[in-house]
**Q** 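Take a look at the following structure, please.
A, B, ... follow the sequence lines: proteins, then strands. Residue 1 opens every chain. Since the structure is predicted, the reported quantities are computational estimates derived from the model, not experimental observations. Worth knowing before you read on, the calculation uses all heavy atoms, side chains too, and leaves out hydrogens, waters and symmetry mates.
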Amino acid sequence: MPMADPLAAYGKLQAAFSADVKSEENQILLGQVFEASLRFLSKADRTPLKSLVPDKEYFAFAAGKKLFRAVNKGLFVPELAEWEAFRKAIAGNRAPNIDSDRITRIIYSVAVTFFCFIDLTKDGDQKTPGTFFEYLIGHLFAWRLGVNPKTRLPVLNLDMEATLPTDFIFDLGPNRAKFHLPIKVSTRERVIQVWAHQRVLNGVYGTGRFLGTPVILTETKTDKKKQEVIEICLPDQWRIYQMHIAQLKRIYYLDVPASYAKLNEVFPPLSVKPFGHFFAEADTLPT
DNA sequence: TCCTAAGTCTATGGCTCAAC
DNA sequence: GTTGAGCCATAGACTTAGGA
């Protein structure tokens, strides 16, 4: 029963993604991974977690005494029909007629469902969820923008030839926008790399040529002994980076951390939004 | 072209430290 | 003692280079 296995679908997705990031086949395979992971998780136990984040509730899938990553209850919609509805809405590659927050919930659910499947079936695997998240967001960006990404850019220098490895770079063509798209499940202090890459791109190609639009899932951390969930954030560091290293155009989250949402209201300008908004604003971002 | 080893990248839990 | 902010170690997946 190969189709019942999320890993089999994931393997096909890997192959399809490396052949063509924006192809519709990826969407079909993402749906298969979602469906198979949902089926697996439908039998799994759930444990409610104590949320120390205001206005958010979390639970975790459990196996015996073992607890896995926190899942945001308000964002988790374990329904394949929602993914199908989303696919229908974005079929035209334009601003879709579907509520942005509903998109955020759907994409969050597709990602987290597979992550939890990996948590339950593999020990200590952090790479596979990260790569899957790249496939998911990378494809959606490529689909919406209509171009395939590059993953490394030549960085010109008089004395050396080197390339900058980035998650994804989307080039819409001459005189049009270029997107710098780092994709992370969580960043914590590693977020500095995103600003550093943006600074390099500004220096080599000119400030403003590349729009930095990182997409991050969440910044939660689960204390498995106390069964508590917190968000690990560095808001003051972010403000310093945005002022003194480079400017990021948007920072998209699937589960926007409370203290980062507040950065929308203070100086310097730092626009932190739920990911679903990208679909509506993709065409107007460069302006 | 295939295989293997070395190197890189990644997310996460546990930890420190300072302020209160 | 508690909390927020940030640091560090770690292990597995993935990528790349080089040899056969």
**Q** What residues, two or more places apart in sequence or in another chain, satisfy ring-ring contact (aromatic ring centres under 6.0 Å, His included) together with A:Phe170?
**A** A:Phe141
**Q** The side chain of A:Asp125 lies closest to which of these nucleotides: C:dA13, C:dC14, B:dT12?
**A** C:dA13
**Q** In terms of the nearest nucleotide of DNA chain C, which residue is placed more toward the 5' end: A:Leu52 or A:Tyr135?
**A** A:Leu52
**Q** Collect all protein-nucleotide pairs involving nucleotides 7-9 of chain C in which both atoms are nitrogen or oxygen and the distance is under 3.5 Å.
**A**
from: C:dC8; atom 1: N4; to: A:Glu189; atom 2: OE2; distance (Å): 3.1

**Q** Mind checking A:Thr187 for me? I need base, sugar-phosphate or nothing, with any heavy atom below 4.0 Å counting as a touch.
**A**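 Here A:Thr187 touches no strand at all.
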**Q** Just by distance, with hydrogens left out, do A:Tyr260 and A:Glu231 show a side-chain donor and acceptor under 3.5 Å apart?
**A** no
**Q** Classify the nucleic acid contact of A:Gln14 as base, sugar-phosphate or nothing, counting any heavy atom under 4.0 Å across all strands shown.
**A**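 A:Gln14: backbone/sugar contact only, no base atoms under 4.0 Å.
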**Q** Would you indicate which nucleotide in B:dA11, B:dG14, C:dC14 comes nearest to any side-chain atom of A:Gln126?
**A**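 Nearest nucleotide to the side chain: B:dA11.
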**Q** State whether the number of non-hydrogen atoms from other residues, nucleotides or ligands found under 6.0 Å of A:Gln237 atom CD is greater than 12.
**A**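 Check passes, neighbour count above 12.
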**Q** Under 3.5 Å, is there a donor on one side chain and an acceptor on the other for A:Thr104 and A:Asp101?
**A** no
**Q** Would you call A:Glu281 and A:Lys273 a salt bridge, using N to O less than 4.0 angstrom?
**A** yes
**Q** Going by the rule side chain to side chain contact (heavy atoms under 4.5 Å, CB included), which residues pair with A:Phe59 if we only count those two or more places apart in sequence or in a different chain?
**A** A:Arg46, A:Phe61, A:Val71, A:Lys73, A:Phe76
**Q** Give a yes or no on whether A:Arg190 atom CZ has more than 12 heavy-atom contacts from other residues, nucleotides or ligands under 6.0 Å away.
**A**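 Correct, the count exceeds 12.
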**Q** Check this for me, if you would: do A:Asp255 and A:Lys56 make a salt bridge, where the nitrogen-to-carboxylate-oxygen distance has to be below 4.0 angstrom?
**A**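 Looking at A:Lys56 together with A:Asp255, the answer is yes, because their closest N to O distance falls below 4.0 Å.
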**Q** If you find the nucleotide of DNA chain B closest to A:Glu134 and the one closest to A:Thr222, which residue's nucleotide is nearer the 5' end?
**A** A:Glu134
**Q** Hey, do the aromatic rings of A:Tyr10 and A:Phe114 have their centres closer than 6.0 Å?
**A**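 Distance test on ring centres: under 6.0 Å, yes.
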**Q** With 3.5 Å as the limit, what N/O pairs link the protein to nucleotides 17-20 of chain B?
**A**
none

**Q** Is A:Tyr260 touching bases, backbone alone, or none of the nucleic acid, heavy atoms closer than 4.0 Å?
**A** nothing
**Q** Which residues, if any, of residues 103-119 of chain A bring a heavy atom under 4.0 Å of DNA chain B?
**A**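 Hits under 4.0 Å, by residue number: none.
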**Q** Need the bend value for the helix from B:dT1-C:dA20 to B:dC20-C:dG1: angle between end axes, 5 pairs each end, nearest 10°.
**A** 10°
**Q** Considering only NZ, NE, NH1 and NH2 on the basic side and carboxylate oxygens on the acidic side, decide whether A:Glu35 and A:Arg39 come within less than 4.0 Å.
**A** yes
